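Single-structure report; data block below.
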Amino acid sequence: MNKVKKIASRLQRGKRRFMEFGVRPHLLRPRVKHLHGRLEFNYELDELLVISVVRNAELHLGSFLAHYFAMGVKNFVFLDNGSTDRTCEMLSALDNVTLLATDAPYAKYENTMKRYLAERFSRGRWNLCADIDELFDYPFSKQLSLRSFLQYLNANRYTAVAAQMLDMFPGVPLARVESKPEDRIREKHIYYDISAVRKTDYSWSTRSNPDIRMHWGGIRKAVFGSDNGLTKSPLVLMDGKVKTFITWHHVKGARMADISCILMHYPFVSTFFEKVQEAVRTGRYGMRVTDEYKAYAKALERDPDLNLKLDSARLFTGLEPLLNDKFLIVSDQYRKWIFKNGAVAGRS
């Protein structure tokens, strides 16, 4: 009986792989429309393209674009998936932005959409796939330019970078959060809490640094009881060997960098309640993630004045405390690169 179950399980996995890699890419392409911006990009190996699938991103767009422009990113590609707010209007008014749209159901096509953007626009080059509520950063970014950071990755033949999600939140109850499109979200959501982060082995691609691990849980585990995966591989060199968006957020066949980076995550804006209710009602994010949203909904029903700022919360002051806590990892080799190529040699 166990043998029959194993065979059935293998067949089911094979069917899912066939749908995701064989069928859905062909079904998605004719459902993608071009709304704004260029469709060809010619950029260097020490540059990157930011790609993102978005929906109702109005409250995050300003902070998202400002952050990545300041980092040195020149071009963005967004795939809108049914926005009903001003997202498309705002993006269509911007230079350096390409906007596409599709009505394909997110629950089935999430990975296919993201893989489509990466393969269409950044073959042979680096891309950063970030959700609209995620701000990527790398250790010592104040000393090392984005170009120099990518040069480090290229010099060591790395093709992907692990990033740890850090859930950011304000110091007031969620019901009292007020958000506007013109906000700079980092100025309002200034706390984090890593007391409930659990670490396990990282098993998708071979690590160059065994100290880099898979993170789980965090403040959402402590408050909502959901054991979220907190580790992604958002920065990838599309070298033809790396397989992207495996089990949503990971890569296979990559040479992983010997450092980990951060994705500062800002989901707790004023529309959080509305998003939770919609996710539970529609199942938009798929079965597994819908269960997480159900946990959010139950906690919010029990305590409408829920505040994420527990006694274990910390004020965000930069990446150095996270390095000291081993939440983020850097190698001696990377520190030497900083000393040699950083704007302020040796500064941490």
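Because the structure is predicted, anything quoted here is derived from the model rather than measured.
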So, Tyr202 versus Ser233: side-chain donor-acceptor pair below 3.5 Å or not?
yes
Does any donor atom in the side chain of Glu58 or Thr87 lie under 3.5 Å from an acceptor atom in the other side chain?
no
Quick check: does any side chain N or O of Asp193 sit under 3.5 Å from a backbone N or O of Ala196, one acting as donor and the other as acceptor?
no
Verify whether one side chain among Ser179 and Asp183 offers a donor that lies under 3.5 Å from an acceptor in the other.
no
Tell me which one of Lys221, His249, Arg220 satisfies side chain to side chain contact (heavy atoms under 4.5 Å, CB included) with Leu230.
Arg220
Establish, yes or no, whether the cationic atom of Arg284 lies under 6.0 Å from the six-membered ring centre of Tyr106 and within 45° of the ring axis.
yes
State whether Asp201 and Arg207 are salt-bridged, where the test is any N-O pair (Lys NZ or Arg NE/NH1/NH2 against Asp/Glu carboxylate O) under 4.0 Å.
yes
Using atom types as modelled and distance alone, determine if a side-chain donor or acceptor of Thr244 lies under 3.5 Å from a backbone N or O of Val251.
no
Presence of salt bridge, Asp211 and Lys199, under 4.0 angstrom
no
Any salt bridge linking Asp325 with Arg314? Criterion: basic side-chain nitrogen under 4.0 Å from a carboxylate oxygen.
yes
May I ask you to check whether Tyr296 and Tyr293 place their ring centres under 6.0 Å from each other?
yes
Minimum heavy-atom distance Gly72-Leu146, with the two atoms named:
C-CD2, 4.1 Å
Scan side-chain atoms only and decide if Asn156 and Tyr334 contain a donor-acceptor pair under the 3.5 Å cut-off.
no
Is it true that Lys232 and Asp131 have a side-chain N and a carboxylate O under 4.0 angstrom from each other?
yes
Does any N or O in the side chain of Ser260 come within less than 3.5 Å of the main-chain N or O of Ile329, such that one atom is a donor and the other an acceptor?
yes
Option from Leu27, Val53, Thr102 for which side chain to side chain contact (heavy atoms under 4.5 Å, CB included) with Tyr109 holds:
Leu27
Smallest heavy-atom separation, Lys188 atom then Glu178 atom, equals NZ-O, 3.1 Å
Quick check: are there more than 12 heavy atoms from other residues, nucleotides or ligands sitting under 6.0 Å from CG of Asn324?
yes
Apply ring pair (Phe, Tyr, Trp, His ring centres under 6.0 Å) to the pair Phe121 and Phe41, showing each step before the final yes or no.
CA-CA 7 Å; Phe121 294 106; Phe41 295 91; 5.8 Å; yes
